[in-house]
2 protein chains.
Amino acid sequence: MDTVQSYLHACPARTVLEAITNKWTVLVLTSLRSNGGTMRFNELRRFLDGITQKMLTQTLRSLERDGMVRRTVYPTVPPRVDYSVTELGTSLGELFNTFGEWANENVDRIMAARTEFDTRPAPEPVN
Amino acid sequence: MDTVQSYLHACPARTVLEAITNKWTVLVLTSLRSNGGTMRFNELRRFLDGITQKMLTQTLRSLERDGMVRRTVYPTVPPRVDYSVTELGTSLGELFNTFGEWANENVDRIMAARTEFDTRPAPEPVN
DNA sequence: CAGAATCCGCGTAGATACTG
DNA sequence: CAGTATCTACGCGGATTCTG
């Protein structure tokens with residue numbers, strides 16, 4: 001039987017997972033999608049409320065590089081930059097919706113499991 | 001309009017996301033599911049090939065706490081501990097499959113976008 | 001076999017100051 | 001407005017050692 005590692009080193013799922021398993025990517029993509037697909041930098045910043053400027057820039061750059069978000073600069077004064085979710089980003093975002101629905105339906109079971117686990121008596125050592 | 005933050009602080013999706021956005025959780029759950037649903041500690045360790053003992057223990061404890069995995073200890077010598085994926089874990093694992101399929105279908109577009117982004121000429125400053 | 005305990009590097013992310 | 005540039009911290013995850 002093959003190991004997971006040998007399978008995963010070149011695994012597409014691994015690539016995509018690494019692209020989204022950070023603090024803000026999912027939230028940024030979801031924000032864009034829930035606001036018509038296009039937002040400006042500080043608009044996103046305010047909406048996300050808590051993200052630092054550095055992390056927003058970093059997250060947007062990463063999403064742009066992965067083809068999830070399109071960055072459009074208007075050479076005006078003051079500058080205006082629009083961030084739009086691409087078709088690819090929309091496609092991925094729809095998965096997040098499915099994920100969110102699962103979370104809504106099952107979060108209670110998870111929280112209950114946690115409570116049960118945390119109040120479980122410590123396994124008493126055999127004398 | 002509400003900010004994402006105010007929405008997300010108590011968001012089920014956030015809870016579940018935080019539970020799985022780490023290096024090994026998805027891989028451990030997927031390994032269990034792809035091996036009949038039950039594996040022993042060192043069996044998982046070998047299968048994951050690269051995970052340290054600490055991280056495997058930590059990941060399994062977290063999954064157990066969240067009700068995704070059931071830990072069964074057989075009081076034998078040497079000790080035997082089985083880890084089985086629960087119904088809840090199976091349910092979540094199915095989402096990973098959907099996710100994996102999306103990754104398979106779209107990883108090429110992502111890689112292409114990255115190449116395009118990385119070879120894109122640096123925006124030449126206006127003189 | 002299935003861990004517990006400890007030490008430590010490194011990267012993610014936050015805070016702050018500055019700019020075209 | 002939309003960033004860039006630094007500095008710093010905190011914690012995740014890895015390596016190692018030891019145990020019932």
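To find a chain, count down the sequence lines: A is the first, B the second, and so on, and within it residues start at 1.
With sequence neighbours excluded, no residue forms a salt bridge (Lys or Arg N to Asp or Glu O under 4.0 Å) with A:Arg70. Residues meeting the side chain to side chain contact (heavy atoms under 4.5 Å, CB included) test with A:Ile20, sequence neighbours left out: A:Thr25, A:Val26, A:Leu92, A:Phe96, B:Phe99. Taking A:Arg40 as the reference, nothing meets the salt bridge (Lys or Arg N to Asp or Glu O under 4.0 Å) condition, with sequence neighbours excluded. Residues that satisfy the salt bridge (Lys or Arg N to Asp or Glu O under 4.0 Å) test with B:Arg61, not counting sequence neighbours, are absent from this structure. For B:Ser84, the side chain to side chain contact (heavy atoms under 4.5 Å, CB included) partners are B:Thr38, not counting sequence neighbours. Looking at residues two or more places apart in sequence or on another chain, you find a salt bridge (Lys or Arg N to Asp or Glu O under 4.0 Å) between A:Glu87 and B:Arg109.
Put simply, chain A comes within 4.0 Å of DNA chain C, heavy atom to any atom, from C:dA13 to C:dG20, going 5' to 3'.
Close to D:dG3, at under 4.0 Å from its OP1 or OP2, lies no side-chain N or O of A:Arg40. Side-chain N/O atoms of A:Arg61 include one lying less than 4.0 angstrom from OP1 or OP2 on D:dG3.
A straight line from CG of A:Leu44 to P of D:dA2 spans 10 Å, rounded to a whole angstrom. Between the CZ atom of A:Phe47 and the P atom of D:dA2 there is a distance of 16 Å, rounded to whole Å. What separates CZ of B:Phe41 from P of D:dG20 is a distance of 18 Å, to the nearest Å.
Residues B:Gln53 and B:Thr57 have side chains that bring a donor and an acceptor to within less than 3.5 angstrom of each other.
The CG atom of A:Leu56 lies 11.0 Å from the CG atom of A:Leu27; values are rounded to the nearest 0.5 Å. Atom CG of B:Asn106 and atom OG1 of A:Thr15 lie 12.0 Å apart (nearest 0.5 Å). Considering CH2 of B:Trp24 and CG of B:Leu60, their distance stands at 12.0 Å, rounded to 0.5 Å.
At its two ends the helix from C:dC1-D:dG20 to C:dG20-D:dC1 runs along axes set 50° apart, each axis drawn from five pairs and the angle rounded to 10°.
Annotation: proximity of residues 71-79 of chain A to DNA chain D (heavy atom, distance under 4.0 Å) is found for A:Arg71, A:Pro78, A:Pro79, numbered in ascending order.
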* To do: Start with the C-alpha gap between A:Thr98 and B:Thr98, add the side-chain angles, then the distance that decides, and say whether side chain to side chain contact (heavy atoms under 4.5 Å, CB included) holds.
  => CA-CA 10 Å; A:Thr98 308; B:Thr98 307; 5.9 Å; no
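Judged as a salt bridge (charged side-chain N to carboxylate O under 4.0 Å, His left out), not a single pair has a partner in residues 20-37 of chain A (not counting sequence neighbours). Counting only residues at least two apart or on different chains, no salt bridge (charged side-chain N to carboxylate O under 4.0 Å, His left out) pair has a member in residues 95-108 of chain B.
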* What one-letter contact string describes nucleotides 6-14 of chain D from 5' to 3', where B marks a base within less than 4.0 Å of any protein heavy atom, S marks contact via sugar-phosphate atoms alone, and - marks no contact? -> B------BB
